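None of these values were measured; they are calculated from a predicted model.
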Amino acid sequence: MEQLDELELLMEKSFWEEAELPAELFQKKAVASFPRTVLSRGMDNRYLVLAVSTVQNKEGNCEKHLVITASQSLENKELCILRNDWCSVPVEPGDIIHLEGDCTSDTWIIDKDFGYLILYPDILISGTSIASSIRCMRRAVLSETFRSSDPATRQMLIGTVLHEVFQKAINNSFAPEKLQELAFQTIQEIRHLKEMYRLNLSQDEIKQEVEDYLPSFCKWAGDFMHKNASTDFPQMQLSLPSDSSKDNSTCNIEVVKSMDIEESIWSPRFGLKGKIDVTVGVKIHRGCKTKYKIMPLELKTGKESNSIEHRSQVVLYTLLSQERRADPEAGLLLYLKTGQMYPVPANHLDKRELLKLRNQMAFSLFHRISKSATRQKTQLASLPQIIEEEKTCKYCSQMGNCALYSRAVEQQMDGSSVPIVMLPKIEEETQHLKQTHLEYFSLWCLMLTLESQSKDNKKNHQNIWLMPASEMEKSGSCIGHLIRTEHVKTICDGQYLHNFQRKHGAIPVTNLLAGDRVIVSGEERSLFALSRGYVKEINTTTVTCLLDRNLSVLPESILFRLDQEEKSCDIETPLGNLSKLMENTFVSKKLRDLIIDFREPQFTSYLSSVLPHDAKDTVACILKGLNKPQRQAMKKVLLSKDYTLVVGMPGTGKTTTICTLVRILYACGFSVLLTSYTHSAVDNILLKLAKFKIGFLRLGQTQKVHPAIQQFTEQEICRSKSIKSLALLEELYNSQVPAPEQVEKGGVSNITEAKVIVFLTSIFIKAGCSPSDIGIIAPYRQQLKIINDLLAHSSIGMVEVNTVDKYQGRDKSIVLVSFVRSNKDGTVGELLKDWRRLNVAITRAKHKLILLGCVPSLNCYPPLEKLLNHLNSEKLIIDLPSREHGNLCHILGDFQRE
DNA sequence: GCTCTGCCGAGAGGA
């Protein structure tokens, strides 16, 4: 906060004076807002704005002068002059910008005819968002904020299906029978059937409507593909920006072939992203001259509007295309209802205006929080102004959020201004809400926005395009220099299994684990973010990934890099829920009552009024599998008219309770809707339910917990007696042998512990345990990595190795825990202090639990100290004598050579 | 201080 005040003072000083001021200050702001942004010149230039001043030039016109730097030391300053309308770009000192154009003697000039300025270029905004901002910037920003408030319609479903049919046809054939077949096949796909079900539409209805389009598909193919002579193609009007003005704009356009479908491109040059329906190779015949271009082809199934929005989308795609190949200079807009196709030239003027809209939008998205003028209070910022166009507002899907934000947030600020004509509309849209509801909305919007902006969540996607793989590898979240090996296996549409190997040697030390999300890029600048997916398997030689695109179409020589996709905090779901909670519907009203106004939840008195009489025996039978608190929770839930909160520590059997509930409801003939904030929670429930269907008998087996652990968890952690997951603790090895931890950039590890863990695992397997019954847990990724590597070099099969948290809600027969930490200076990591995590770790084992760690070090952690004291009193701690360690190393040596 | 949790997601049409 202090830094910002200093900055504000700075901004009031004059231009040249400012430029002389301490560089650290700017560095501070830049670091706070744009962590680890790499400043650089060249194609991907990133400049830090040091100062902004508005000046009048000789002609009396306004110019903005920016003092900028691309050097991390902030020493080498350059000047950027913004002329004409570029003056209005809302750029401030401390901002990061990208410049397109020419720089002569350290001066950039961006004017109406030449050059672009991209504000916050690492915020990538989609083509459709920008196109929709033409009519209403506020709507575009609201749509980015409250995403889910736009339920899909019949027309959208038809649109999606027709897109797919066309995309399949262009790689196959436009023959009528083939089109028919492709259409039928597409309609049958499960995701479309689901959507039809949701919209209450029959398959026949959709089929009919889709088939109505097919003749136009044929017509288009007949017009634009496969002809004998170039003049057989329809005449069109198209001048490319590079054509000389003398050239006739009349030409024939021939679509030669489809190069890609649904190509997804991120453009950190223009701050854009998007998916191109079809990328086509096109011949433009003009007189005797022919130009070949690879262009975006945008499909539309709705009205043939040739609207500015549609055309703008195409223009933006020409900018995206430049990330991968030569400037197409134009794109194509095809209306599938009629087969009519319009060429869309990408003129400088259009691109300039669209990029200016992008900048405005980026500004709004970046500045979501402001300070109140009077009291410097942190508050939500105003959104772009409400427009005064009843027609546009009438059908706007963001109307509710627009009015709500205006009333709950903007109208509470000093000096807010709302167009007077819109006030009645805003009042009408929000009249169902009480003051408490408006305040709730405003508060949670602010909290969620602040959370998304917190330091933790400033993820740096941009490192993929700003940092070479070799540099990124040092952080452990990237692997470069990979080549694709073996065939790509198609699992289904949109899931392709790829194998990668390092071109030379083994895969370097990395944090990447199975299950991590990754972004696959080519190491070349033009090939980044080719595909996304997750790691399926990783060992010292090979990474197997499940990706959303098939990369076998690319040349085999391409060098790839995998970057771990850092989770960006998802506030979209809660914001969407928040918006839904404010809707004028019966359900939302009830929820507002309960959640905001704290109406007590109601319960009926008798189970007999809830459960059908004839289900009594079945229910009784199902309930047998639960302990007392679980049954009590179950009863409460069944009697609930509103909601019931079931609260419990990890391992206390919440999921089991829910599963049993589902089974009861199912047995009584109710339909059940499972929803969850997390996917994994629902997955766990489904997994357990599936188990019930298969064997079942598991329910009857009461698992016994070792009394020592039971006592401990009950006393220190749970207080509840409903521990389900039951571990039999056998031994705790106290490693009296030298087993120091290693702290490096990739994390904390302990090679000795890793070796012992692997050795013990091998013993269990030799004793007849199935590798799938064994789980290895360590709190640090680096340790998992080392254990994985040792396992990979052994003859041990697939033993699951993962972090504590990944075991949440699951059991293994045997669990080995490596605590890793071992040092003399008593360095305490935050990680092990978390007793909830400890609880998860020690309650995952059904039959045998082995904890491996350095007792003196672990005693530094209060929760562990309690556990160790407890185990000590039960004589469950076993020292590992140094003589044994020597033997162990021998054995391990042998074992590794095996 | 090195863990994890919320994640497919840009665009499907309408005026």
Side-chain angles (χ1 to χ4, degrees), chain A residues 124-132 135 143-144 147-148 150-164 192 195 262-266 272-277 298-303 305 307 309-310 313 317 320 337 389-397 448 451-452 456-457 459 475-477 494-495 511 513 517 519 531-534 547-548 565-577 676-681 743-749 777-784 802-808 820 827-834 836-837 840-841:
Chain A
L124 306 184
I125 303 180
S126 75
T128 44
S129 264
I130 294 166
S132 85
R135 260 176 198 278
S143 303
E144 290 275 315
R147 279 176 176 276
S148 51
D150 205 2
T153 60
R154 169 206 184 92
Q155 286 85 351
M156 289 182 187
L157 172 62
I158 299 278
T160 311
V161 169
L162 285 168
H163 270 70
E164 283 177 33
H192 299 318
E195 204 53 25
E262 292 283 323
E263 187 182 20
S264 162
I265 305 181
W266 289 353
L272 301 173
K273 64 183 166 190
K275 276 189 175 175
I276 298 174
D277 281 338
E298 172 62 20
L299 310 176
K300 295 288 172 199
T301 48
K303 271 198 186 146
S305 64
S307 64
E309 281 92 340
H310 289 173
Q313 212 180 324
Y317 290 165
L320 286 181
K337 204 172 240 168
E389 265 184 68
E390 269 187 73
K391 266 191 211 160
T392 310
C393 297
K394 195 175 170 191
Y395 297 101
C396 176
S397 57
L448 289 164
E451 188 189 345
S452 72
D456 283 3
N457 292 320
K459 299 302 183 192
S475 74
S477 62
Q495 292 201 352
N511 294 333
L513 286 175
R517 300 196 72 82
I519 298 169
S531 174
R532 304 165 86 182
Y534 64 90
L547 304 178
D548 61 358
E565 176 159 16
E566 300 190 57
K567 269 162 291 194
S568 57
C569 113
D570 172 32
I571 64 160
E572 270 156 28
T573 313
L575 276 180
N577 291 341
S676 165
Y677 197 62
T678 73
H679 271 257
S680 58
V743 184
E744 1 168 39
K745 215 174 177 184
V748 189
S749 63
I777 298 179
Y780 302 94
R781 279 187 166 237
Q782 190 61 20
Q783 182 72 350
L784 300 172
N802 228 315
T803 53
V804 177
D805 309 73
K806 287 256 168 88
Y807 276 92
Q808 176 82 39
V820 180
T827 311
V828 176
E830 286 299 315
L831 200 55
L832 290 174
K833 286 186 194 163
D834 188 345
R836 284 165 301 182
R837 191 166 275 120
V840 174

field: Closest to the A/Met156 side chain, choosing from B/dA12, B/dA10, B/dT3
entry: B/dA12

- request: Determine the contact category for A/Asp277: base if any of its heavy atoms lies under 4.0 Å from a base atom, sugar-phosphate if only primed atoms, P, OP1 or OP2 are that close, otherwise nothing.
  value: sugar-phosphate

query: How far does CG of A/Leu320 sit from NZ of A/Lys275, to the nearest 0.5 angstrom?
result: 12.5 Å

message: Using every non-hydrogen atom in the two residues, find where A/Leu575 and A/Leu448 come nearest and quote the distance to one decimal.
response: CD2-CD1, 3.8 Å

- prompt: Closest to the A/Arg532 side chain: B/dG11, B/dG13, B/dC8?
  reply: B/dC8

message: Among B/dA15, B/dA12, B/dC8, which nucleotide has an atom closest to any side-chain atom of A/Tyr395?
response: B/dA15

message: Nearest whole Å is fine: how far is B/dG6 P from A/Arg147 CZ?
response: 18 Å

- prompt: When the nearest nucleotide of DNA chain B is assigned to A/Lys303 and to A/Ser126 on a heavy-atom basis, which residue is associated with the more 5' position?
  reply: A/Ser126

message: Please report the distance separating the P of B/dA10 from the corresponding atom of B/dG14, rounded so that it comes out in whole Å.
response: 22 Å

- prompt: In whole angstrom, what separates A/Lys300's NZ from B/dG13's C1'?
  reply: 8 Å

- prompt: A/Ile130 CD1 to B/dA10 C1': how many Å, rounded?
  reply: 12 Å

Interatomic distance, A/Glu195 CD vs B/dG13 C1' [rounded to whole Å]: 13 Å

message: Can you check the distance between B/dT3 and B/dC7, where both ends of the measurement are the P atom (answer in whole Å)?
response: 22 Å

query: Rounded to the nearest 0.5 Å, how far does CD of A/Glu389 lie from CZ of A/Arg135?
result: 6.5 Å

task: Measure the distance from CD1 on A/Ile265 to P on B/dG11 and round it to the nearest whole Å.
output: 11 Å

message: Test your reading of the model: is there a side-chain donor-acceptor pair from A/His310 to the backbone of A/Ser305, 3.5 Å cut-off?
response: no

message: Classify A/Glu298 by what it touches in the nucleic acid, base, sugar-phosphate, or nothing, heavy-atom distance under 4.0 Å.
response: sugar-phosphate

message: In this structure, how many angstroms lie between the P atom of B/dA10 and the CD atom of A/Glu309, rounded?
response: 20 Å

message: Show the nearest heavy-atom pair for residues A/Val748 and A/Tyr780, with the distance to one decimal.
response: O-CB, 3.4 Å

- request: Give A/Gly127 one of three labels, base, sugar-phosphate or nothing, depending on what nucleic acid heavy atoms sit under 4.0 Å from its own.
  value: sugar-phosphate

field: Watson-Crick or G-U stems involving DNA chain B, each at least 3 pairs long, distances under 3.5 Å, ordered by first number
entry: none

- request: Among B/dA10, B/dG6, B/dA12, find the nucleotide with the atom closest to the side chain of A/Glu451.
  value: B/dG6

statement: In whole angstroms, the gap separating P of B/dG11 from NZ of A/Lys273 amounts to 9 Å

- line: Heavy-atom nearest nucleotide on DNA chain B taken for A/Ile276 and for A/Leu784; more 5' hit belongs to A/Leu784

- prompt: Minimum heavy-atom separation for A/Leu299 to A/Asp277, with atom names?
  reply: N-OD2, 2.9 Å

field: Rounded interatomic separation in angstrom, taking CD from A/Glu144 and C1' from B/dA10
entry: 10 Å

message: B/dG11, OP1 or OP2 - any side-chain N/O from A/Tyr317 closer than 4.0 Å?
response: yes

- prompt: Would a 4.5 Å heavy-atom cut-off, applied to side chains only, mark A/Thr301 and A/Lys337 as touching?
  reply: no

- prompt: What distance separates A/Arg532 CZ from A/Ile519 CD1, expressed to the nearest 0.5 Å?
  reply: 5.5 Å

task: Can you figure out which of B/dA12, B/dA10, B/dT3 approaches the side chain of A/Thr128 most closely?
output: B/dA10

message: Can you tell me which nucleotide in B/dG13, B/dA10, B/dG14 comes closest to the side chain of A/Ser397?
response: B/dG14

Which nucleotide in B/dA12, B/dG14, B/dG9 has an atom nearest any side-chain atom of A/Glu565: B/dG9

